[in-house]
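In this chain, residues are counted from 1 in sequence order. Note that ligands are numbered from 1 as they come in the structure, with each ligand's atoms numbered from 1 the same way.
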Amino acid sequence: MMNEPMNEIFESVKQVLETIPPHVTLVAAAKTRTLEEVETAVQAGITHIGYNYVQEALPIIQAIGDRVQWHMIGHLQRNKAKVAAQRFDMVETIDSLRLAEALDRRCAAIGKKMPVLVEVNSGREANKTGVFPEDLDDLVRQISQLNHIQVQGLMTMGPGFGDPENARPYFRATREAFERLASLNMPNVVMSALSMGMSNSYLVAIEEGSTMVRIGTRLFGRR
Ligand SMILES: *Cc1c(COP(=O)(O)O)cnc(C)c1O
């Protein structure tokens, strides 16, 4: 028997999964949640879990293991690249050549090729991470020279508005960049994942071509 809060998470995961088409991956954004909460989400059908901080993720990864895929969805500090290389299945937040090189080096050392997404600061916001749209092609071209990471797509947060319709142009522009990069056929670049959309915006993001949504509040309740 589950207690009431866990029951709510279980039901929320089921409900959100029903609203997502089969080609879209649901990544549960699990920051601040307890092991019990995350475990409940896995029991309800979650297959991908995102964390913003390596240190917060480690005990949860340790407990749950490889029943799910682990995504880094927060800004990765270069001094955490070694642990990220060992423990995560995808890093969604590559936004500089220096970070890409650090991760590539750590992956080379353990004989791994890490799937990554390049994070785009689609709203060109000064306080946000991600590469500016006008610098994206150059960055991907440089990263494509690294042999131990594979660019599998793009990730964007988009400006956080109340009305998700306001995020639509940023999602659309990111999808256009995604398609343009796919047509360039660069080595180590396979554009297959477009990570955009959160609790309030994921349905709009999916309309604009998202194949990966990162959802926290709608699954786990308010933080
Ligand atoms: C927290 C977080 C999310 C999910 O946000 P919600 O509004 O709680 O769904 C998605 N992406 C990133 C990078 C986050 O930090």
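- By the side chain to side chain donor-acceptor pair (under 3.5 Å) test, Arg124 is found to be paired with Glu134, residues two or more places apart in sequence or in another chain being considered.
- At most 12 heavy atoms of other shown residues, nucleotides or ligands fall within 6.0 angstrom of atom OH in Tyr53.
- Using a 4.0 Å cut-off between a side-chain N of Lys or Arg and a carboxylate O of Asp or Glu, Arg67 and Glu39 qualify as a salt bridge.
- At distances below 3.5 Å, at least one donor-acceptor pair connects side-chain atoms of Ser199 with backbone N or O atoms of Arg218.
- Every protein residue with a heavy atom nearer than 4.0 Å to ligand 1 is included here: Ala29, Lys31, Asn52, Ile73, Met157, Met198, Ser199, Arg214, Ile215, Gly216, Thr217, Arg223.
- Val131 and Met157 are members of different hydrophobic clusters when ILVMFWY side chains are connected at heavy-atom separations under 4.5 Å.
- A donor-acceptor pair under 3.5 Å is formed between the side chain of Trp70 and the backbone N or O of Gly65.
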